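Both backbone and side-chain heavy atoms feed into the values below; hydrogens, waters and symmetry mates do not. Values in this document were obtained by computation on a predicted structure and should not be read as measured data.
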Protein chains: 2
Amino acid sequence: MKKTRNAFLKRTHTCGELRKEHIGETVVLNGWVDTRRDLGGVIFIDLRDRYGISQIVFAPQHHEEIYRRAQTLRAEYVIAVKGVVEHRPEGTYNPNIPTGEVDVIVQELEILNKAETPPFHIQDRVDVNEDHRLRYRYIDLRRPVMRNNLLMRHKMAQAARRYFNEHNFIEIETPVLMKSTPEGARDFLVPSRINKGKFYALPQSPQTYKQILMVSGFDRYFQIVKCFRDEDLRADRQPEFTQIDVEMSFVEEENIFAMSEGLMVRLLKEVLDVEVAAPFDQLTFKEAMERYGSDKPDRRFGLEIVTLSDIVKNVSFKVFSDTVNNGGAVAGFVAPGCASYTRNQLDNLVDLTKSLGARGLVYVKVTENGFETPVQKFLSQDDLSAITEAVGAVAGDLILIVADTWKKCYEVLGDLRLEFGKRLDRMQSNKIDLLWVTEFPLFEWNEEDKRYYAMHHPFTSPREEDIEKLKDSVEGVKARAYDLVMNGNEIAGGSIRIHTPELQSLVFEKLGIGRKEADEKFGFLLNAFKYGAPPHGGIAFGFDRMVMLFAGMKSIRDVIAFPKTSSGLSLMDGSPSEVSDEQLKELHLKIRS
Amino acid sequence: MKKTRNAFLKRTHTCGELRKEHIGETVVLNGWVDTRRDLGGVIFIDLRDRYGISQIVFAPQHHEEIYRRAQTLRAEYVIAVKGVVEHRPEGTYNPNIPTGEVDVIVQELEILNKAETPPFHIQDRVDVNEDHRLRYRYIDLRRPVMRNNLLMRHKMAQAARRYFNEHNFIEIETPVLMKSTPEGARDFLVPSRINKGKFYALPQSPQTYKQILMVSGFDRYFQIVKCFRDEDLRADRQPEFTQIDVEMSFVEEENIFAMSEGLMVRLLKEVLDVEVAAPFDQLTFKEAMERYGSDKPDRRFGLEIVTLSDIVKNVSFKVFSDTVNNGGAVAGFVAPGCASYTRNQLDNLVDLTKSLGARGLVYVKVTENGFETPVQKFLSQDDLSAITEAVGAVAGDLILIVADTWKKCYEVLGDLRLEFGKRLDRMQSNKIDLLWVTEFPLFEWNEEDKRYYAMHHPFTSPREEDIEKLKDSVEGVKARAYDLVMNGNEIAGGSIRIHTPELQSLVFEKLGIGRKEADEKFGFLLNAFKYGAPPHGGIAFGFDRMVMLFAGMKSIRDVIAFPKTSSGLSLMDGSPSEVSDEQLKELHLKIRS
């Protein structure tokens, strides 16, 4: 019953495969015309596929008719050629490609498909804007850099899977059509046709399902999974993104840390051949903020922040002392060698600081001849000396000081620190720094709608020792939450979860989620907790960002095959798009006018 | 900076791990109380986790206080115990479990969580309806059968990934939020908040994207991916389902077949330890229909259909001869040993045949004394003998004959054949039969809206030799499409695709998709084809159904962690659900009244 079809010459080798050993063999290659050089009597073509480039040669003395047809070949034509592998003439080797010692003298040529001139060149550096690349993504993905990004992404996903398999994790698929539980970001909704007026939501994360799986006894779960957030997109966010989602039972923080560290060590070794040492450092949220002005500190350069509150709490400069006495903070860091900044540069720095939301910036130039600062008359020489000593400045340095609420003070200094890291060219991009940030506050006050939100999510457990305190007040209650930070990027976040209905109800209550609302939204989880929920916790890795950092890219769009723009558009296929009125009718929907 | 937390006794071993070698060791186990036997002075508990069961023992002579606390333990409590592994007394071994030679004498007990009495027993056979199981899915998933199903699913997915990796495939994630291109089934829509009045659609398959990836040069793509269809759900359909999606460049049918066969051989060997031989048989669509009355034939039992049209085209029985002369078909098969059927049984059979849509059923009892049939007076003994010989009936058999249009005739006989396979207990469920069905018609006429639809999808290539014919008429044009059938179930389907814009436009035209509509819906693909598209083809495996067949389940819901009912409901969490008016306003939507 078997039939053999032979509609075209099918490849015997890929374009990256031929070596000296193949000399004398007759081979078939399939691929794209990458470049074509017509040297009078001979045509050389670089034939390209995913695996590499092979040089193929058309010469009239070999095959007159084929040579003539080869003259019609243009860039990006898809062809099949049959020919003999030959040693390239001495002196014409191409040492830059693995196939550079041989070429193929073509005996048969089939044009499998023609191509119009592509809208831009198939090469790493292209001088076109990103929208143009996204519109012609099928061309863009032919560029070696993009191909390598997707290959690396694949390699990382498979390596991660192998790792979790080896450690007895099960990958379990959780639903994409789930329940809308608006808490945190906005859900994407999917109208139900069969159930009029009702909607599914796309998962912001499989959080509740993975906890349910722990209750079911699948004590080690992972999933590489798409998640969705309908947010106003910032430069480097996507409405759909990929997460390596992990949950474990019978664990505490250290177990999650060790498992995650193992993953990172493995990925860095397998994909980048870089060795990192585990365990990773741990900083509390407070330490991270006070030393780096960020809950995702980039520690690859110095410029550490120093708290000056104690030193300045009694100075006559009210801006400092009042700030401290009203519960705020004063802190600063040294910009080495920046005492040479001009008045104009310093003014710009003050403006920058204000635009970051602080009330102002105090700077002190440390020179051989003493201090230069606009607040000279408010601070004594002793005060200035004490500050200089505390921050560790020497002659030639510039000290930058901010006085504000605790949060604002360190956040702004953190931003300034990053700015100076760049200005002073201190970001060591070849270094890899991994650390945990721990002990986040459980709740975060939102000024806008005057309520507390869960800083991580409402299923995060408070620390054991804070549970009693929580009954009275949420202030100062710390969460068993943690982030994994790589080179100043949060690449994973997780927590030890609540596993009793009592504590979960208490946390809901403190979040202002009433019993009825809690039941409606999360009743199934509260119910599940009644039937024997084990202690559990987990973590989720932002896979797109991880691949971006591994690949050394600046945008996650460069490691996603078909990303959307910051307005949520897919420029290649034009989605989202209008749909027919019939489709809307079936869904019982109308567009509001 | 490292801190050690010790909120509870953490396991040193799983409940499936302890053996004779561990005797004398002090261990910690974490798990669920499976059963508890109180034998006067001693309490035996089977402690359960994902990995197995360990017997733990509480005796007052060992630890009085712990023994008393053990009396409070109930089914499904989550506990941690520390104790010493001991050899069970001679004669009390449990040979049914790997840990059956040892038990653990408990020295410390921690109750990690209590449990209410579960709504049904945690055991394979439960006498509750499926809705109840789905509502309490977290309990249901604790049952060994369900746990093993999800473990098998995991194993199959990982084995499939390993297979494709070994063969140089790249897994590339395609978008979940894509363009609505209603063609075939109905799309699930996702309203865009940022782009008023516009909608994304969830993918029915990543078809267009995987073809784009071929144009981009990723010549071997796979993805294990969620797909979505908003159909009126039949018993065994889910609105979201999982596909192993595959696409290859520079290939023809045989390459896809070989790669797919390799996957099946691998999965059957690794997961079920079953050897199957490749290549698999190939039947054309016509052969499959005429011999088995189905495009997904179950060949594990005989009862093959025999076409009788030639034999009966001149008989005086008009029902037969007119059918043949009007282009219909007459065919039948033998029900061995069924000549003993009573009048009542036969009447029921006729009714069944009519309910399947045929005009009627002709039956012939073959007995030692000749033929018994209601159409005796229209058919000569010679006619009846010729029919009997053709179908291969012997005395004691019943011949079942249908005369109808070609399609109806074979479809109805196919259904009757399956019915008799069951009645005669001929379905050999331990046998595995895999085959390809090929040469499907390219188009299918739809009586309802009087137009042609693509039988596979509109990107399927016609056979080379039919392309000229297609310009005139779609009748008789065969597709380069194929299905993989396992034990009467279609488990995969695919095709060689069109790869030139000219042929794609022609097929769109024949489907009644005008130039403007084609541009709107698929313009990006037609455009991509202009820049050098390679010959390519692919296949998609229905992963849920595959796992179901491997696991020997009757419903795909038993191999999906959180399935939906046939009304698209998730009974556990109550989705889909109503959403707030505020959410709808943000999406610019109103419910139609």
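Contact annotation for A:Y209: both backbone and side-chain heavy atoms come within less than 4.5 Å of a heavy atom of chain B. With a 4.5 Å cut-off on non-hydrogen atoms, A:K226 touches chain B through its side chain but not through its backbone. Of the atoms belonging to A:P535, it is side-chain heavy atoms, and not backbone ones, that fall under 4.5 Å from chain B. Of the two parts of B:I560, neither the backbone nor the side chain holds a non-hydrogen atom closer than 4.5 Å to a non-hydrogen atom of chain A. Contact of A:F222 with chain B is made through the side chain alone, with heavy-atom distances under 4.5 Å. Neither the backbone nor the side chain of A:Y77 comes within contact range of chain B; no heavy atom of the residue lies under 4.5 Å from a heavy atom of that chain. Only the side chain of B:E586 comes within less than 4.5 Å of a heavy atom in chain A; its backbone stays farther off. If you measure heavy-atom distances from B:V251 to chain A, the contacts under 4.5 Å come from the backbone alone. With a 4.5 angstrom heavy-atom cutoff, A:K585 touches chain B via backbone and side-chain atoms both.
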(message) Applying side-chain hydrogen bond (donor to acceptor under 3.5 Å, both in side chains) to B:N527 and A:Y138, what does each step give before you reach the verdict?
(response) CA-CA 10 Å; B:N527 267 332; A:Y138 34 90; 4.6 Å; no
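Taking both residues in full, the closest heavy atoms of A:A115 and B:G532 are given as CB-N, 3.6 Å, listed atom of the first, atom of the second, then distance. The two residues B:A533 and A:N113 have their closest heavy-atom pair at O-ND2, 2.8 Å.
Between atom CD1 of residue A:I170 and atom CD of residue B:Q158 there is a gap of 10.5 Å, rounded to the nearest 0.5 Å.
Taking 4.0 Å as the cut-off between side-chain N and carboxylate O, B:R193 and A:D232 count as a salt-bridged pair. Salt bridge A:E171/B:R161: present, at least one basic N to carboxylate O contact under 4.0 Å.
A ring pair (Phe, Tyr, Trp, His ring centres under 6.0 Å) with A:F250 holds for exactly one of B:W32, B:Y51, B:F8; it is B:W32. Paired with B:D219 under the rule salt bridge (Lys or Arg N to Asp or Glu O under 4.0 Å), one option of A:R48, A:R142, A:R11 passes, and it is A:R11.
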